[in-house]
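Quick notes on the structure that follows.
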Amino acid sequence: MANIGGTGGGGAMAGVLDSIKRDLAARLRRAALEAEAAGELPGAPASVPAGEWPPLPVLDVPRERGHGDLASNLALTMAGILNRSPRRVGQALLDHLELQGSLADRVELAGPGFLNFFLSPRWLYRVLEEVQRLGPKYGASNLGGGRRIQVEFVSANPTGPLVVVNARAAAVEDALANLLQAVGFEVEREYYINDAGHQVELLARSLEARLRELLGQTAEVPEEGYPGEYLRDLASDLLQRRGREAVDALLALEPGQRWEVLGREAVAELVAQQRRTLEDYGVQFDVWFSERELRARGVLEEALGVLERRGYTYRHEGALWFRSTALGDDKDRVLIRSGGEPTYLATDIAYHLDKYRRGFHRVIDIWGPDHHGYIARMKSAVEALGQGRDALEVLIVQLVRLLRGGEAVRMSKRGGEFVTMDELVAEVGKDAARFFFLMRSPDSHLDFDLDLARLQSADNPVYYVQYAHARICSIFGRGGPQVPPADRADLSLLRDESELDLMRHLGYFPQEVAGAALGREPHRITRYLLELAGLFHAFYTRCRVLSEDPGLTAARLVLTQAVQTVLRNGLGLLGVEAPEHM
RNA sequence: GCGCCCGUAGCUCAGAGGACAGAGCGUCGGACUUCUAAUCCGAUUGCCGCAGGUUCGAGUCCUGCCGGGCGCGCCA
């Protein structure tokens, strides 16, 4: 993982704060070398490899305001290696640290040996200038350097409508894809359609049963089939579209043939529905990838060939096995059943082979918690295909429990009763749904409070953030005050504590975006925005933007517009609207 | 039995190896003749599940245990 908070990462991070960190890190490094040259610090012990001394100074924003704007633990890390007291090391660094020409006003040695930097307020004005200059691009960077990443998500079976957990996965991964794009990766969103397996036949037989029901015949949905109401709807649509005669003819076909047709029909319709559901949710996929087509192209055979050539397959009891234990899995896995049918794993391996052939250096899959046991074997498979283990990254999004009136909403898959994604969005709206899913880290179980999400009030976090944006719009709305260029306003008039807090927070945005992208943690942006909205509301209560004082008004307009820009950019990353009126 | 996730304030949850552990909700008390009160301000709240270990420093990393959820097919 890249060093997000520090200064060690690539050279492509954006933002005023990052450039300050890099500048101060370089100064600290020089101070360390000078202190050593002056004999005030011992040289590196022999155990430290050349080029790794002095250690890379890390600068972080401390939790406590009293600890300055940026703090470095360099003295502490060096002290450990040099076997000296951290405060003595810190003092030596301090004595040789040159701040002339930097944006730091002063530096203090504090606590166990931290070096705390107090920045000139000028850095905050630079933040405002930068936000104004970059506008929608503020927060973006080029950490990815244009490398291609594929994000595959939702990929639900085409056997029914999307459900609540799909909505969570969609919100999280769509936001992650946005974040990866923002930090300079070339991202493709892909949806995998499992349209070739046994479950499609079950779907077909279930649909057949519903059709026969409609025609007054006795029929039952098969044991392992799909009993949900939606197949009744699908059946009556089909009957209406094709007409009675065509359906009769269809049902008269021999079983294999009619299931083939019904399966194709049902899958096409259900995938179209899933697609509409996702579009209403604001998620657009670049590629809808069909397993059936993959099979038709013979990729499965090619993948098995690759595994065989690389010595990862063997035959046993009539089946073809994958020697995944050679690559860290806890048992070997069947690829081709003794009956000749490929397993799900085999087709998935083929699918991944195809992904890498399409030139992605990295592939991120998102699975439900019921698939976590699958990670080890799939990573082994990727390795067996000749890729690095890291070429596949699997994120597990945990389950969602819906709460209504403080009680868990009961859902049973067997009875075909579950809350669909469409129902959820209809009940609480797209913005609230997405925002709620993005409030928690993906790997924690989520209680989704339907009552709260539906509430159009202060208690609802999504409105809290959106309201901040709407309030800003209303300042700009009537009469339309002109926002001056940042360098033409006297920003030093922004002195209120709430103004300083707000500017600081705006300055953190680029690193927050980078951190959320690299850490695969979109929920950090949600939290960031809640904080930013809170700071804005506090500012709004304390300070009037439009006042008699033209200079102060100009400065506050610049600040307010910057907040608006960052709220927009942040909400945009989450796929949540930034409304102008509420 | 093995594997994964979780255990932090009354509730829901943040915490990127750092300094005295945070937010929202809740409870109590305040603030609109003003750019949107869907707002703000103040007060209240903790054996970070338990026990060891690594580290100058652990809520964070490692090991074991306890508790909750889920998974462990020639299913997909």
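This structure is a prediction, so every number in the text was calculated from the model and none was measured.
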With heavy atoms under 4.0 Å as the rule, sort His371(A) into base, sugar-phosphate or nothing. base

Is it the case that the base of C5(B) and the side chain of Ser444(A) share a donor-acceptor contact (distance under 3.5 Å, atom types as modelled)? no

Report the distance from atom OH of Tyr192(A) to atom NE2 of His352(A), rounding to the nearest 0.5 Å. 9.0 Å

Answer with base, sugar-phosphate or nothing: what part of the nucleic acid does His537(A) contact at a heavy-atom distance below 4.0 Å? sugar-phosphate

Have a look at Glu317(A) and say if it touches a base, only the backbone sugar-phosphate, or nothing, with a 4.0 Å heavy-atom cut-off. base

Looking at every strand, decide which applies to Glu512(A) at a 4.0 Å heavy-atom threshold: base, sugar-phosphate, or nothing. base

Contact class for Glu64(A) (heavy atom, under 4.0 Å): base, sugar-phosphate, or nothing? base

For Ala538(A), which contact category applies under a 4.0 Å heavy-atom criterion: base, sugar-phosphate, or nothing? sugar-phosphate

Identify whether any heavy atom of Asn194(A) sits under 4.0 Å from a base atom; if not, whether one sits that close to sugar-phosphate; answer base, sugar-phosphate or nothing. nothing

Once you apply a heavy-atom cut-off of 4.0 Å, does Ala376(A) come out as touching a base, just sugar-phosphate, or nothing? nothing

Within the 4.0 Å heavy-atom criterion, would you say Asn116(A) contacts the bases, only the backbone, or no part of the nucleic acid? base

Charged N to carboxylate O below 4.0 Å: is that the case for Arg454(A) and Asp451(A)? yes

When all nucleic acid strands are considered with a 4.0 Å heavy-atom cut-off, which category describes Glu580(A): base, sugar-phosphate, or nothing? base

